[in-house]
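Step one of this worksheet: look at the structure below.
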Amino acid sequence: MKNQELSKIFFEMADYLEIEGVDFKPYAYRKVALSLDNWKEDVGEIYRSKGIKGLQEIPGVGEGIAKAIEEYLKSGKIKSLEELKKKLPLKVDELLRVESLGPKKIKVLYRELGVKDLKDLGKAAKAHKISPLFGFGEKTEQNILQGLEFLKRSKGRFLLGDIMPTVKIIEESLRARKEIKEVSVAGSVRRQKETIGDIDILVVSENPKKTADFFVSLPEVEKIWAEGSTKCSVRLKAGFDVDLRMVKRESFGSALQYFTGSKEHNISTRKIAIEKGLKLSEYGVFEGNPSTGSGRARQIAGATEEDVYKAIGLSFVAPEMREDDGEIQAVLNGSLPVLIKQKDIKGDLHCHTVASDGKDSIEEMVRSAMDLGYEYVGISDHTKFLGVTNGLDEKEILKQHKKIEELNAKFKKQNLKFRVLHGCEADIMLDGSLNAKDEILEKLDYVIASVHSGMKMEKKKMTARIIKAIKNRNVDIFGHPTGRLIGKRDEYQMDFDKILEVAKENGTILEINSSPLRLDLNGFNIRRAKTHGLKMIINTDSHNKEQLNLMEYGIGQAHRGWAEKADIINTLSVEKLLEFFK
DNA sequence: GCCGTTTTCGGCCCGACTGTTTTCAGTCG
């Protein structure tokens, strides 16, 4: 699939052209880069079957870019990019990641000091060669050094699951204040992106000074970057930055819409406003344009997000869907999905116990599941083959089975409407067989099959291996299907579309694993699976009772993947669920 | 370079802040 390669190339082109001072073309290249990144058909395939004309059907691809794609497919290179690189032999993408550096400054640094990459930049800054440059100064030099340090320390992004607990604590402390009337987290956290750069929190305060003082003195705060009556910026001890923004009540909705993003979604909504003769900014929706002499702009919406969307002729779009990836089109043609809600979830079927690598007993897991208001919980410890892992062998599974039967009998006697289901997480071996015998698997309520070894297998072999496993009639759920670990390990090499097809034929359910390290399937793949007509299940893969709470992250991805209640099977009652597995 | 319910030319989101200037360009979100 050349789509991602080409996407990267066009982003690079945009960066170089911006440094060259070219107007508007960077915008066009970025647009097509985003478009290609999300395009599901392989560009190479499109070109082979439909040629240049076919390429131009992709949004953002016109004559010029279609030719560039053709050139890349044929030669593996794009001449104009090679020329740009020759002219400016810079590591543009890495330099642009430094806070306070943009294309113009990068160009000056290269021309005057020969700075080509982060290493050169660090040397130049430490030697104080940057501050004397025209347009630069002491402060800029310091900012560059700080930016470099931040990049080194954090690589710029944090896992959603790592920052969420702290964000919630801060949100709650703000919510408890009397002078604060509204509180909401915005930004990529609100959109449930799997990694986060920094945090934006919006409030409406009747006493901004008091709120600011309170915020910067929170125990979580390590360092104060700025304190004012509209914005406070701090670095938390946990390592990431939080901006608190204080906005007027009448602008809270538009500010929330603006700060939630994504940038691309905002650009689209603002364009729609313009088409209707309106102006949308973080202050509200306005009609009348002072510059054309028709008097003062009049605010017609802004207090709530609902009003803002309504004023520009749209309806409310869930934050997780605001990626400018068809959501506005969906609003306009009335096909916006009704997203699954957390309270639709009736149980969690991926739970480990002390029997394999978990920390808590079945009883403890069950108790926590009951506390969450679930109607059932599924115990799914690892299985084992030849005693290699710490999984359960045949005898141990049967023993566990008996224990679960007893528990269910006890609940029935107590008139408790709660069911413990017995499943397992079987390993998909290198040849696609499972590490547990079919006679055992048959006895269980359900079986999750997952890959835990041989993850670097070559694409064809891996595809065949997985297909063999999901064709096993005892397999109900394909666990953490792509195997990626965010920021650490890529997805398995596999023909995922083919696997989705086979899963559809065999009624295999795909897991949405809620572990913040995995989020697998992620939003993008959830949408892909949904398009294939597949059913999914949101599980936590809990290894202790606290982890049952991770469900919210799976829900977040489900929202990003436009999943509805009907797409997710652990919204079913236990009777319907078991029927489904059968 | 792309695009069109103000269409085949003339636009391309919007506002604030920062650090550098002495009125503003560059950067950010």
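Lettering of chains follows the sequences in order, A, B, ..., and the numbering in each one begins at 1. Nothing here was measured: the structure is a model prediction, and the numbers come from that model.
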Worksheet item: Is the phosphate of B:dC13, meaning OP1 or OP2, less than 4.0 Å from a side-chain N or O of A:Y27?
Response: yes
Fill in: Whole-Å P distance, B:dT5 and B:dC12
16 Å
Worksheet item: Expressed in whole Å, how much space separates the P atoms belonging to B:dG15 and B:dT8?
Response: 28 Å
Fill in: With sequence neighbours excluded, residues passing side chain to side chain contact (heavy atoms under 4.5 Å, CB included) with A:K50
A:E57
Worksheet entry | Selection: residues 61-77 of chain A, any non-hydrogen atom under 4.0 Å of DNA chain B | A:V61, A:G62, A:E63, A:G64, A:I65
Worksheet item: Who pairs with A:Q342 by side chain to side chain donor-acceptor pair (under 3.5 Å), at least two apart in sequence or on another chain?
Response: none
Worksheet item: Any luck finding a side-chain donor-acceptor pair between A:H265 and A:E327 under 3.5 Å?
Response: yes
Worksheet entry | Residues that A:Y29 engages under ring-ring contact (aromatic ring centres under 6.0 Å, His included), provided they are two or more places apart | A:F10
Discussion item. With rounding to the closest Å, how many angstrom separate the P atoms on B:dT20 and B:dG26?
Written reply: 14 Å
Worksheet item: For A:K271, what residues pass the side chain to side chain contact (heavy atoms under 4.5 Å, CB included) criterion, not counting sequence neighbours?
Response: A:Y27, A:K31, A:I267
Worksheet item: Which residue, A:K231 or A:G60, contacts DNA chain B at a nucleotide closer to its 5' end, judged by nearest heavy atom?
Response: A:G60
Response to the item:
Per the under-4.0 Å heavy-atom filter, residues of residues 12-24 of chain A near DNA chain B come out as A:F24
Worksheet entry | Residues in ring-ring contact (aromatic ring centres under 6.0 Å, His included) contact with A:F240, at least two apart in sequence or another chain | A:F158
Discussion item. Without decimals, in angstroms, what is the distance between A:E275 CD and B:dC3 P?
Written reply: 15 Å
Fill in: d(CG, A:L36; P, B:dG1) in whole Å
16 Å
Fill in: Selected nucleotide, minimal atom distance to A:K271 side chain, candidates B:dA16, B:dG1, B:dC12
B:dC12
Worksheet entry | Spacing between A:K31 atom NZ and B:dC12 atom P, to the nearest angstrom | 13 Å
Worksheet item: When you look at NZ of A:K77, are more than 12 heavy atoms from neighbouring residues, nucleotides or ligands closer to it than 6.0 Å?
Response: no
Discussion item. Rounding to an integer number of Å, can you tell me how far A:I58 CD1 sits from B:dC2 C1'?
Written reply: 14 Å
Fill in: CD/A:E63: more than 12 non-hydrogen atoms of other groups inside 6.0 Å
no
Worksheet item: Could you state the CD1-C1' distance from A:I267 to B:dC13, rounded to the nearest angstrom?
Response: 6 Å
Fill in: Sequence-distant partners of A:D117, side chain to side chain contact (heavy atoms under 4.5 Å, CB included), two or more places apart
A:K91, A:E94, A:K119, A:D120
Discussion item. Could you work out, with side chain to side chain contact (heavy atoms under 4.5 Å, CB included) as the rule, every residue matching A:Q142, not counting sequence neighbours?
Written reply: A:L145
Discussion item. Using atom P in both nucleotides, what's the gap between B:dT27 and B:dT21 to the nearest angstrom?
Written reply: 14 Å
Worksheet item: Using the C1' atom in both, what is the distance from B:dT6 to B:dG10, to the nearest Å?
Response: 12 Å
Discussion item. Taking the minimum atom-to-atom distance to the side chain of A:N143, which one of B:dT18, B:dC13, B:dC2 wins?
Written reply: B:dT18
Discussion item. Please classify the nucleic acid contact of A:P59 as base, sugar-phosphate, or nothing, using heavy-atom distances under 4.0 Å.
Written reply: sugar-phosphate
Practice prompt. Using whole Å, report how far CD of A:E264 lies from P of B:dC13.
Written response: 12 Å
Could you pull out every donor-acceptor pair under 3.5 Å between side chains of residues 225-239 of chain A and any protein atom, sequence neighbours left out?
unit_1	atom_1	unit_2	atom_2	d
A:W225	NE1	A:D241	OD1	3.3
A:S233	OG	A:D243	OD1	2.7
A:R235	NE	A:D241	OD1	2.4
A:R235	NH2	A:D241	OD1	3.3
A:R235	NH2	A:D241	OD2	3.3
A:K237	NZ	A:P219	O	2.5

Item to complete: Nearest whole angstrom, please: distance from the P of B:dT5 to the CD of A:Q329.
Response: 11 Å
Discussion item. If you compare every side-chain N and O of A:K279 against the phosphate oxygens of B:dG15 (OP1, OP2), does one of them come in below 4.0 Å?
Written reply: yes
Worksheet entry | Set of salt bridge (charged side-chain N to carboxylate O under 4.0 Å, His left out) partners for A:E83, sequence neighbours left out | none
Worksheet item: How does protein contact run along nucleotides 20-29 of chain B, one letter per nucleotide 5' to 3', with B for base contact, S for sugar-phosphate only, - for none, heavy atoms under 4.0 Å?
Response: SS----SSSB
Fill in: Quiz item: cation-pi between A:R322 and A:Y309, 6.0 Å / 45°
no
Worksheet entry | C1' gap between B:dG19 and B:dC2, integer Å | 35 Å
Worksheet entry | Minimum-distance nucleotide to A:T230 side chain [options: B:dA16, B:dC17, B:dG19] | B:dC17
Worksheet item: Relative to the 5' end of DNA chain B, which residue comes earlier, A:G277 or A:Y29, by the nucleotide with the nearest heavy atom?
Response: A:Y29
Discussion item. I'd like the P distance from B:dC9 over to B:dC14, given in whole Å.
Written reply: 25 Å
Worksheet item: What is the distance, rounded to the nearest whole Å, between atom CD1 of A:I272 and atom C1' of B:dT6?
Response: 16 Å
Discussion item. Applying the Watson-Crick and G-U wobble criteria at under 3.5 Å, what pairs with B:dT8? Answer none if nothing qualifies.
Written reply: none
